[in-house]
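Below: the structure, in structure tokens.
Any value given below was found using the heavy atoms of this structure, including those in side chains, with hydrogens, waters and symmetry copies removed. Everything numeric in this text was worked out from a predicted model, so none of it was measured. So you know, we letter chains A, B, ... as the sequences are listed, proteins then strands, and number each from 1.
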Protein chains: 4
Amino acid sequence: MKQKRPKYMQIIDAAVIVIAENGYHQAQVSKIAKQAGVADGTIYLYFKNKEDILISLFKVKMGQFIEQMNEEMKTKHSATEKLALFIRKHFELLSGDRHLAIVTQLELRQSHRELRLKINEILKGYLTILEDIITEGIEAGEFKSTLDVRLAKQMIFGTVDETVTTWVMNDQKYDLPQLADSIHELLIHGFSHGNKEEK
Amino acid sequence: MKQKRPKYMQIIDAAVIVIAENGYHQAQVSKIAKQAGVADGTIYLYFKNKEDILISLFKVKMGQFIEQMNEEMKTKHSATEKLALFIRKHFELLSGDRHLAIVTQLELRQSHRELRLKINEILKGYLTILEDIITEGIEAGEFKSTLDVRLAKQMIFGTVDETVTTWVMNDQKYDLPQLADSIHELLIHGFSHGNKEEK
Amino acid sequence: MKQKRPKYMQIIDAAVIVIAENGYHQAQVSKIAKQAGVADGTIYLYFKNKEDILISLFKVKMGQFIEQMNEEMKTKHSATEKLALFIRKHFELLSGDRHLAIVTQLELRQSHRELRLKINEILKGYLTILEDIITEGIEAGEFKSTLDVRLAKQMIFGTVDETVTTWVMNDQKYDLPQLADSIHELLIHGFSHGNKEEK
Amino acid sequence: MKQKRPKYMQIIDAAVIVIAENGYHQAQVSKIAKQAGVADGTIYLYFKNKEDILISLFKVKMGQFIEQMNEEMKTKHSATEKLALFIRKHFELLSGDRHLAIVTQLELRQSHRELRLKINEILKGYLTILEDIITEGIEAGEFKSTLDVRLAKQMIFGTVDETVTTWVMNDQKYDLPQLADSIHELLIHGFSHGNKEEK
DNA sequence: GATGAATGAGTTTTCATTCAT
DNA sequence: AATGAATGAAAACTCATTCAT
């Protein structure tokens, strides 16, 4: 497996740093090579082309992300708790790596349409976790039976993603994970007061 | 004279079409000029540079967007209704112009960081509408008094934006506005059943 | 005759100012038109093209130059005196019009080879004055009979031209005409002491 | 490998030829690259930009010029002889490289003001040689004690420069170095007969 | 005569990728 | 495996000139 060769990860980590610090369009292969401490040509022994670095970067980081998420998920037994964990964990993982947060929220979105489609494919694996939580919540009677899984998924992901992006754009100057509970509460109970009878 | 519309709008409309059909990075000035039916140089009589076309495009379209939104907003008198209108209108406006939807949801996001910051400035005017609705809802007692305006705003915008992007990525093959009511319901009451006592 | 139409001179004077203040390569036709207070298109009613403005500019100014030079030349009756007058007059005329000095010494030299050849043609009329002075000086026995007219001409013109250029490059901050006598003395008697026998 | 010379000199030599044969404004980087037998991009491994090629060209050639000049200067022991050498050598060096002569006398003068200022800086090193000769001549009593060093410098350089330029404009069709002695004689003794008493 | 909106040709530079060593 | 010198394709923008009014 490629991933075991040390230079592979060395280059990916270099890419994260270079992209975060210089921006997507200023992240030339030569800069990444220099940051990784290898020659330009060496990059191409480990990656097919530049796009492959970016996809691999996303794949590797997302893989670690999913792994950690799944690991902790085992400790929770209700969909409500799992959702709370998902949100908090999502925030913790991104606020724990400032470079990565910049790369995923701002820089990688500047990539070509084609690359973004591939990134979306990888993202699906992550969104599956959400789907499972929602489905479980419906089946367990925690969530309303009429809940549209796809919409709920877009709502959760759209909300956390927008929240992280706003945080990154504001130079990451406030604490992200502490927003998790409020967001969870809003997703579960909405903006209104508790008694639906008001309506 | 072929066109009575001033060339300014002619070029902006051409840019929307060219970007939607060719992608951001394949939208050369010469292509836009050709689509607009003017010479390359003419572009520069109306726009400072290529970036200026894109910013102007966003400004003009967003301006029309805000105007229409505010116009209809007058007919609604509760925050709940206004929110429902906002969501539906947002969907209607974007599903009513397929090219523009592709441009705003996919292509313009590939722009340089600097350009995206300018776009965000323009977007703030739009998000202000949301803020006003939320504040009004809290003051009128429709929304819970503990509602964090910023979070609620991110939640609404994150949700509708993610929903539209997913729709565009799926080649706009289903009806977007009909999702509005479900989303509104979820935002107001959350995923759970009505009785908070369960919790 | 074109030259009598007021706009012709208006445009030429505008060109001198614009070129002196902006440099040759930043002296666009539109800038000259604006400075002259006419529309861009109007330029082309009086001049064939941009190059024609520059040639005409040089022709007109050089014509005035030659006229004034010849006028005063009548008052001198020895070649030595005429040469002294030539040098002083050359300096006076150029130090009397700071814009023109910049244009002739620095900016017009940046023009295309072709234009410079045309300028050289016009310059010949001016250099003829020099030739006449030298020939007269030889015939009158004031200058050595072995004097090579062509070389002497190049020496005089090369010296005064280099002197003016240096003065312009030093921002015209010292008095140019007061150098005339020293230069004249050097041209007539050279660097050495008076007694040729030393050699 | 065709050439053993480092590409740096290869490109500079190519630039001299291309500029001489096509003129300053028709000397595109691609033409220079082709003449040098390298790819366009290779130019930018050795030079920052096009202007850098031109400055480097002038620096290198002027450096060689100064070096040769200084070398031979050692063999002469009077200022008069040194001046004679300077003039002859200046003519020899330029008439020995027809392309270079065209470039320095005609083409490089069309460059932007900014570039010309840089060229002038480099030229100062050359003019220093002249200054030293003049100062030495005054101190040794060869030249008159009232001689203004700056004026004398402008006179010498103005004269030789104008002479070379005229020669280039006349398609280099006569022998330049053979003019050296006459010019030297004129600079030392002037246009007049030897006996200053005439005056 | 006068206007000025419109035209469109033309060139430097960057950077992902290759391949001889 | 590793290197890094060399490659070459690709696009925004300026400005002299025209011509319909």
Side-chain angles (χ1 to χ4, degrees), chain A residues 5-8 11 25-34 36-54, chain B residues 1-3 6-8 10-11 25-34 36-54, chain C residues 5-8 11 25-34 36-54 112, chain D residues 1 6-8 10-11 25-34 36-53:
Chain A
R5 281 179 297 177
K7 289 204 173 144
Y8 181 88
I11 291 165
H25 291 286
Q26 282 308 303
Q28 293 87 351
V29 172
S30 60
K31 246 181 214 158
I32 295 172
K34 197 174 180 184
V38 300
D40 294 16
T42 305
I43 299 267
Y44 291 86
L45 297 176
Y46 295 90
F47 299 90
K48 211 171 79 236
N49 49 34
K50 188 180 179 182
E51 186 182 295
D52 189 29
I53 306 176
L54 303 175
Chain B
M1 205 190 298
K2 285 177 191 167
Q3 309 266 358
K7 293 214 160 63
Y8 181 85
Q10 208 170 317
I11 292 165
H25 290 286
Q26 280 307 305
Q28 293 88 347
V29 172
S30 59
K31 249 182 214 159
I32 296 173
K34 198 172 178 184
V38 300
D40 292 18
T42 305
I43 300 268
Y44 293 88
L45 296 177
Y46 295 91
F47 300 91
K48 215 169 75 239
N49 48 35
K50 188 180 176 180
E51 184 182 298
D52 190 28
I53 306 176
L54 304 174
Chain C
R5 283 180 296 177
K7 287 200 174 148
Y8 181 87
I11 291 165
H25 290 287
Q26 281 307 304
Q28 293 86 352
V29 171
S30 60
K31 247 183 214 159
I32 295 172
K34 199 174 180 185
V38 301
D40 292 17
T42 305
I43 299 268
Y44 291 86
L45 298 176
Y46 295 91
F47 299 90
K48 211 169 80 237
N49 50 33
K50 188 181 179 181
E51 188 182 293
D52 190 29
I53 306 177
L54 304 175
H112 294 260
Chain D
M1 202 190 299
K7 293 214 162 62
Y8 180 85
Q10 207 170 317
I11 291 164
H25 290 286
Q26 279 308 304
Q28 292 88 348
V29 171
S30 58
K31 249 181 214 160
I32 296 173
K34 198 173 180 184
V38 301
D40 292 18
T42 305
I43 300 270
Y44 292 87
L45 296 177
Y46 296 89
F47 299 91
K48 217 170 72 239
N49 50 33
K50 187 179 177 180
E51 183 181 300
D52 191 28
I53 307 176

In this structure, how many angstroms lie between the [atom2] atom of [N] and the [atom1] atom of [X], rounded?
{"X": "C:Ile53", "N": "F:dC15", "atom1": "CD1", "atom2": "C1'", "answer": "13 Å"}
{"X": "C:Lys31", "N": "F:dT14", "atom1": "NZ", "atom2": "C1'", "answer": "12 Å"}
{"X": "D:Ile11", "N": "F:dA5", "atom1": "CD1", "atom2": "P", "answer": "14 Å"}
{"X": "C:His112", "N": "E:dG10", "atom1": "NE2", "atom2": "P", "answer": "14 Å"}
{"X": "B:Asp52", "N": "F:dA12", "atom1": "CG", "atom2": "P", "answer": "14 Å"}

d(A:Ile53 CD1, A:Ile43 CD1) to nearest 0.5 Å is 4.5 Å
When rounded to the nearest 0.5 Å, the distance separating CD1 of B:Ile11 from CG of B:Leu45 is 8.0 Å
With the side chain defined as heavy atoms from C-beta on, A:Tyr46 is closest, among E:dT11, E:dT13, F:dA1, to F:dA1
Per atom distances to the B:Gln28 side chain, the nearest of E:dT3, F:dA12, E:dT17 is F:dA12
Hey, is the main chain of A:Val29 close enough, under 3.5 Å, to the side chain of A:Lys50 for a donor-acceptor pair? no
Checklist entry - Can you find a pair of side-chain heavy atoms, one from A:Lys31 and one from A:Lys34, that are under 4.5 Å apart? => result no
Does D:Lys7 place a side-chain N or O at less than 4.0 Å from the phosphate oxygens OP1/OP2 of F:dA6?
yes
Check your understanding: OP1 or OP2 of F:dC15 less than 4.0 angstrom from a side-chain nitrogen or oxygen of C:Lys50, does that happen here?
Key -> no
Nearest-nucleotide check on DNA chain F, D:Ile43 vs B:Ser30; residue mapping nearer the 5' end is D:Ile43
Result for 5'-nearest mapping on DNA chain F, choosing between D:Leu45 and B:Gln26, is D:Leu45
Restricting both atoms to N or O, compile the protein contacts to nucleotides 18-21 of chain F shorter than 3.5 Å, with distance only.
none

In Watson-Crick or G-U wobble terms, with both distances under 3.5 Å, the base opposite E:dA20 is F:dT3
Re E:dT14: Watson-Crick or G-U wobble partner, both distances kept under 3.5 Å, found to be F:dA9
Minimal heavy-atom distance between A:Ser30 and A:Asp40, with the atoms involved, is CB-OD2, 3.4 Å
Minimal heavy-atom distance between D:Asn49 and D:Tyr44, with the atoms involved, is CA-CE2, 3.8 Å
By nearest-nucleotide position on DNA chain E, the 5'-leaning member of C:Ala39 and A:His25 is C:Ala39
5'-most contact on DNA chain E (nearest-nucleotide basis), A:Glu51 vs D:Glu51, goes to D:Glu51
Q: Assign the ring pair B:His25 / A:His25 to parallel, tilted or perpendicular, where the plane angle (0 to 90°) is split at 30° and 60°.
A: tilted
| said: Any base atoms under 4.0 Å from B:Phe47, or only sugar-phosphate, or nothing? Heavy atoms, all strands. | reply: nothing
